[in-house]
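Scope of the values below: all heavy atoms of this structure, side chains included, with no hydrogens, waters or symmetry mates.
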Protein chains: 2
Amino acid sequence: MTKTSKKKATIYDLSVLSGSSPSTVSAVLNGTWQKRRIKESTAALIRDLAETHQYTANRQARGLRSSRSGLIGLLLPVHDNRYFSSMAQTFEAHVRSKGQCPIVVSASRDPEEERRTAETLISYSIDELFICGATDPDGVHEVCETVGLKHINIDLPGTKVPSVISDNYEGGRMLTEAIIRRFPADQPLRADELYLFGGRDDHASRERIRGFRAVKRELLGDDPDGCILPTGYAPNTARLAFEAFYEKNGKLPRALFVNSSINFEGLLRFMAGHPHENFADLTVGCYDYDPFASFLPFPVIMIRQDVEGMITKAFEVIEEGRPQPRIHLISPELVQPRTALTGPLDALKDIG
Amino acid sequence: MTKTSKKKATIYDLSVLSGSSPSTVSAVLNGTWQKRRIKESTAALIRDLAETHQYTANRQARGLRSSRSGLIGLLLPVHDNRYFSSMAQTFEAHVRSKGQCPIVVSASRDPEEERRTAETLISYSIDELFICGATDPDGVHEVCETVGLKHINIDLPGTKVPSVISDNYEGGRMLTEAIIRRFPADQPLRADELYLFGGRDDHASRERIRGFRAVKRELLGDDPDGCILPTGYAPNTARLAFEAFYEKNGKLPRALFVNSSINFEGLLRFMAGHPHENFADLTVGCYDYDPFASFLPFPVIMIRQDVEGMITKAFEVIEEGRPQPRIHLISPELVQPRTALTGPLDALKDIG
DNA sequence: CTTGTTTGCACAATCGATGGTGCAAAGACT
DNA sequence: AGTCTTTGCACCATCGATTGTGCAAACAAG
């Protein structure tokens with residue numbers, strides 16, 4: 001409480017205290033003072049005052065003037081999911097290391113909401129926007145384009161700007177093959193015993209399904225249409241699909257390709273209503289990685305998407321001048337059952 | 001591309017187009033026009049122009065003038081964890097419904113980083129700050145206090161402003177009791193067979209430990225000090241603790257109270273290196289809920305903290321004028337093994 | 001027709017930082 | 001001593017919206 005306890009110091013305050021003009025103070029504190037030939041001693045004085053008065057620049061004012069805000073946005077479908085929250089965590093680290101401020105917002109996979117959210121971010125003059133898992137990336141693109149905002153797609157591709165996405169076809173192949181190979185030669189999996197649940201008509205699902213079908217044909221010789229059940233991404237619609245299958249067939253398929261961890265939660269909900277033992281010999285492949293899921297009582301093979309790789313690539317690409325709208329594929333990783341991988345959290349120090 | 005493709009329309013543009021003054025345009029578009037006695041027809045004309053030119057206010061300018069930004073901040077330890085990402089998801093929904101913009105940032109449980117992050121958010125003139133799981137809430141408080149920023153603590157309490165936290169003592173008791181009661185009368189759990197792993201010297205851990213010890217004394221008649229092993233929150237330090245215990249005793253304790261899902265990941269890492277069968281009769285209680293963890297091959301009893309309840313309460317409290325720095329306890333919920341609960345995602349529509 | 005009131009809006013200062021431009025004082029040079 | 005350069009900084013417009021104030025025109029009252 002030694003001084004002005006309630007209001008933040010401005011360059012005008014420091015200007016009075018230092019006897020210099022506001023522009024001099026500004027130049028000193030934003031680093032352009034050499035260019036403006038400010039004396040070292042003047043600069044030192046001002047830096048000193050800034051320190052003792054805890055000056056920090058008002059970013060709204062700076063942003064208004066310079067039409068840049070220092071904010072970098074990440075548009076996510078949802079937060080509470082390991083995949084997307086890893087995105088957020090990794091993104092944040094990258095943005096912070098560039099000395100900017102991350103702003104992470106979700107838009108619920110709703111195209112309308114996606115555009116509105118982008119508009120909102122734009123009204124804060126964000127400097128760049130990373131569009132992750134958007135249902136309508138090109139819709140968001142329109143919004144960004146009209147104001148000249150740099151942007152890039154992640155996870156789901158658009159057609160107007162570069163996209164950095166998982167190699168879902170390859171991942172789908174890897175996962176399908178790994179599932180099939182778990183079955184011994186004397187009790188091989190039949191083509192009609194391996195089902196794919198979840199996902200919807202988006203690029204990622206389509207590619208995974210393409211990989212799934214290709215490998216089934218190659219290894220199992222057949223690929224019945226009925227084995228593909230896109231349920232959307234909501235856990236409960238997935239649960240209902242499992243419920244319906246079980247109702248009709250008295251059991252689950254011998255092996256499942258589950259399209260995402262959120263869909264996998266639908267499987268859990270289904271299982272909660274049925275005795276444990278019914279699923280003792282089920283084999284599951286899940287396109288997403290979750291450490292706990294990896295240790296479930298039946299074999300769970302997972303795909304871990306390379307979040308760090310995607311974010312890193314996305315930052316590289318967005319820095320390029322006028323990049324082509326091409327798609328950059330990042331290879332995912334197959335994770336065998338009972339595997340506990342490290343994640344972004346391990347990079348943090350723990351001051352236990 | 002019909003019009004000004006590159007720059008956003010401002011009130012000055014609309015002012016020229018409509019033949020009114022900028023202040024009139026401003027008043028019409030921010031809703032204060034009745035107070036300023038603007039004719040309905042004038043207002044209609046301006047609204048119309050705004051619509052066709054896709055006008056949206058520059059929030060930096062507005063914020064600069066009104067020293068409010070429409071941003072509400074949430075300071076988190078980390079993103080990629082179900083508990084905190086649920087916080088983010090729930091927080092976002094609340095903020096959005098108030099017509100404001102959420103800004104969620106993590107600070108890695110580092111007191112220094114927490115303060116710096118708060119400073120940064122303040123430089124954007126955020127309107128309120130929710131401090132969640134901060135290692136040093138009172139440090140962040142100082143920062144907020146000097147600029148008169150409304151703030152509140154969640155998950156970990158501070159002493160200067162109200163805090164909304166889980167009832168960790170009660171939760172610790174519930175979980176401990178549930179663990180103990182899982183053992184049959186003929187093979188009861190002994191006091192030296194139930195260990196607590198994880199957490200550190202923060203309010204939440206202390207309260208949970210207090211509940212743990214109280215119930216052990218009440219039900220098991222004893223409470224050996226050696227059964228408490230705070231390992232910090234990093235998964236790997238927890239893993240090492242399990243490793244060390246196993247090394248020394250040739251097995252894990254019969255029952256574990258694991259302080260958080262992040263610590264639980266440490267247990268998984270430990271398990272990955274050992275044969276499955278070694279843990280067939282392990283009983284685990286975990287203070288956090290994760291649907292996949294709930295279905296692991298050994299009984300896992302979990303505590304789900306009431307994230308929705310905490311956020312709701314926090315918004316209530318922060319709206320009050322000068323609230324007392326008291327602690328509001330929100331009861332958590334005990335979750336039996338093999339339970340798949342719904343979460344914030346279920347509130348979203350899925351346009352599958 | 002004059003005075004008083006209401007209606008409808010324009011004007012201008014302001015928020016805090018930025019950056020182009022101008023200009024006095026100090027130093028260099030002939 | 002007079003001219004030219006360099007140094008060191010102040011001045012001021014600007015970004016876009018908000019808001020207190022003032023004032024003409026329209027209308028009402030007497």
Side-chain angles (χ1 to χ4, degrees), chain A residues 4 6-46 49-50 53-70 122-127 147-148, chain B residues 4 6-46 50 53-71 122-127 147-148:
Chain A
T4 139
K6 267 311 179 209
K7 283 287 57 41
K8 296 203 52 160
T10 71
I11 53 169
Y12 297 94
D13 300 331
L14 297 184
S15 137
V16 172
L17 291 169
S18 69
S20 315
S21 75
S23 57
T24 299
V25 174
S26 170
V28 167
L29 296 174
N30 70 24
T32 61
W33 59 284
Q34 324 244 22
K35 202 162 56 196
R36 284 180 160 275
R37 300 188 311 233
I38 308 287
K39 229 192 307 179
E40 170 58 39
S41 65
T42 309
L45 169 63
I46 291 175
L49 283 167
H53 289 266
Q54 308 209 52
Y55 171 84
T56 51
N58 179 323
R59 310 240 189 174
Q60 307 222 46
R62 169 181 298 173
L64 176 58
R65 182 58 230 257
S66 59
S67 63
R68 307 187 71 256
S69 64
I122 286 170
S123 73
Y124 285 106
S125 307
I126 59 170
D127 299 334
V147 299
Chain B
T4 141
K6 266 312 178 205
K7 283 302 5 102
K8 297 205 53 164
T10 71
I11 53 170
Y12 298 96
D13 302 331
L14 297 183
S15 136
V16 171
L17 291 169
S18 69
S20 315
S21 76
S23 58
T24 300
V25 174
S26 170
V28 168
L29 296 173
N30 71 23
T32 61
W33 58 284
Q34 324 244 27
K35 205 162 53 195
R36 284 178 160 275
R37 298 187 313 232
I38 309 286
K39 230 193 305 178
E40 169 58 40
S41 64
T42 310
L45 168 64
I46 292 175
H53 290 264
Q54 307 210 51
Y55 170 85
T56 51
N58 179 321
R59 309 243 189 173
Q60 307 221 50
R62 169 182 297 173
L64 177 57
R65 181 59 229 252
S66 57
S67 66
R68 308 186 70 256
S69 64
L71 292 168
I122 286 171
S123 73
Y124 286 105
S125 307
I126 59 170
D127 299 335
V147 299

Asker: Apply side-chain hydrogen bond (donor to acceptor under 3.5 Å, both in side chains) to A:Ser125 and list each qualifying residue two or more places apart in sequence or on a separate chain.
Answerer: B:Gln60
Asker: Can you check the A:Glu40 CD to D:dC9 P distance for me, whole Å?
Answerer: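 Interatomic distance, CD of A:Glu40 to P of D:dC9: 11 Å.
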Asker: Both B:Arg37 and B:Ala57 contact DNA chain D. Taking the nearest nucleotide for each, which residue is further toward the 5' end?
Answerer: B:Ala57
Asker: Roughly how many Å is it from CG in B:Leu64 to P in D:dT14, rounded to a whole number?
Answerer: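 Taking atom P of D:dT14 as the reference, CG of B:Leu64 is at 17 Å.
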Asker: Please report the end-to-end axis angle for the helix from C:dC1-D:dG30 to C:dT30-D:dA1, five pairs per end, rounded to 10 degrees.
Answerer: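 Taking the rotation axis at each end, their angle is 50°.
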Asker: Given the rule in the side-chain contact (heavy atoms from CB on, under 4.5 Å) test, do A:Leu29 and A:Leu14 qualify, once you have shown the distances and angles that lead to the verdict?
Answerer: CA-CA 11 Å; A:Leu29 296 174; A:Leu14 297 184; 3.7 Å; yes
Asker: Closer than 4.0 Å, any side-chain N/O of B:Tyr55 to the OP1 or OP2 of D:dA17?
Answerer: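 Answer yes for this pair, as a side-chain N or O of B:Tyr55 is under 4.0 Å from OP1 or OP2.
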Asker: Using atom OH of A:Tyr124 as one end and atom P of D:dA17 as the other, report the distance to the nearest whole Å.
Answerer: 14 Å
Asker: Under the rule for side chain to side chain contact (heavy atoms under 4.5 Å, CB included), what residues qualify as partners of B:Ser67, not counting sequence neighbours?
Answerer: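 Residues passing side chain to side chain contact (heavy atoms under 4.5 Å, CB included) with B:Ser67: none at all.
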Asker: Search all heavy atoms of B:Ile11 against all heavy atoms of B:Pro22 and return the closest pair with its distance.
Answerer: CD1-O, 3.9 Å
Asker: Kindly write out the residues that satisfy side-chain hydrogen bond (donor to acceptor under 3.5 Å, both in side chains) with B:Ser20, not counting sequence neighbours, or none if the list is empty.
Answerer: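 B:Ser20: side-chain hydrogen bond (donor to acceptor under 3.5 Å, both in side chains) contacts with B:Ser18.
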Asker: To the nearest Å, give me how far apart CD (A:Gln60) and C1' (D:dG16) are.
Answerer: 12 Å
Asker: For B:Lys39 and for A:Arg36, find the nucleotide of DNA chain C with the closest heavy atom, then tell me which residue's nucleotide is more 5'.
Answerer: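 Here B:Lys39 is the residue nearer the 5' end.
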Asker: Over how many whole Å does the gap from A:Ile122 atom CD1 to D:dG16 atom P extend?
Answerer: 15 Å
Asker: Does anything in residues 14-34 of chain A reach DNA chain C, meaning a heavy atom under 4.0 Å, and if so which residues?
Answerer: A:Ser23, A:Ser26, A:Asn30
Asker: Would you name the heavy atoms of B:Gly70 and B:Asp127 that are closest together and state the gap between them?
Answerer: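 Heavy atoms of B:Gly70 and B:Asp127 come nearest at N-OD2, 2.8 Å.
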Asker: Just to verify, what does A:Ser15 make a side-chain hydrogen bond (donor to acceptor under 3.5 Å, both in side chains) with, not counting sequence neighbours?
Answerer: none
Asker: Going 5' to 3' along DNA chain C, which are the first and last nucleotides with any atom under 4.0 Å from a heavy atom of chain A?
Answerer: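 On DNA chain C, the outermost contacted nucleotides are C:dG16 to C:dT21.
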Asker: Hey, does B:Thr10 have a side-chain heavy atom less than 4.5 Å from the side chain of B:Asn58?
Answerer: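 Side-chain contact under 4.5 Å: no.
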Asker: What's the verdict on side-chain contact (heavy atoms from CB on, under 4.5 Å) for A:Ile46 and A:Ile38, showing C-alpha distance, side-chain angles and the deciding distance?
Answerer: CA-CA 11 Å; A:Ile46 291 175; A:Ile38 308 287; 5.8 Å; no
Asker: If you look only at pairs with a residue in residues 31-45 of chain A, which of them pass as a side chain to side chain donor-acceptor pair (under 3.5 Å), with sequence neighbours excluded?
Answerer: A:Asn30-A:Thr32, A:Glu40-A:Arg47
Asker: Residues two or more places apart in sequence or in another chain: which of them pass side-chain hydrogen bond (donor to acceptor under 3.5 Å, both in side chains) with B:Thr56?
Answerer: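 With sequence neighbours excluded, B:Thr56 shows a side-chain hydrogen bond (donor to acceptor under 3.5 Å, both in side chains) to B:Lys8, given in chain and number order.
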Asker: Measure OH/A:Tyr12 against C1'/D:dC11 and give the value in whole Å, please.
Answerer: 11 Å
Asker: Within this structure, what is the CZ-to-P distance between B:Arg68 and D:dT19, rounded to whole angstrom?
Answerer: 10 Å
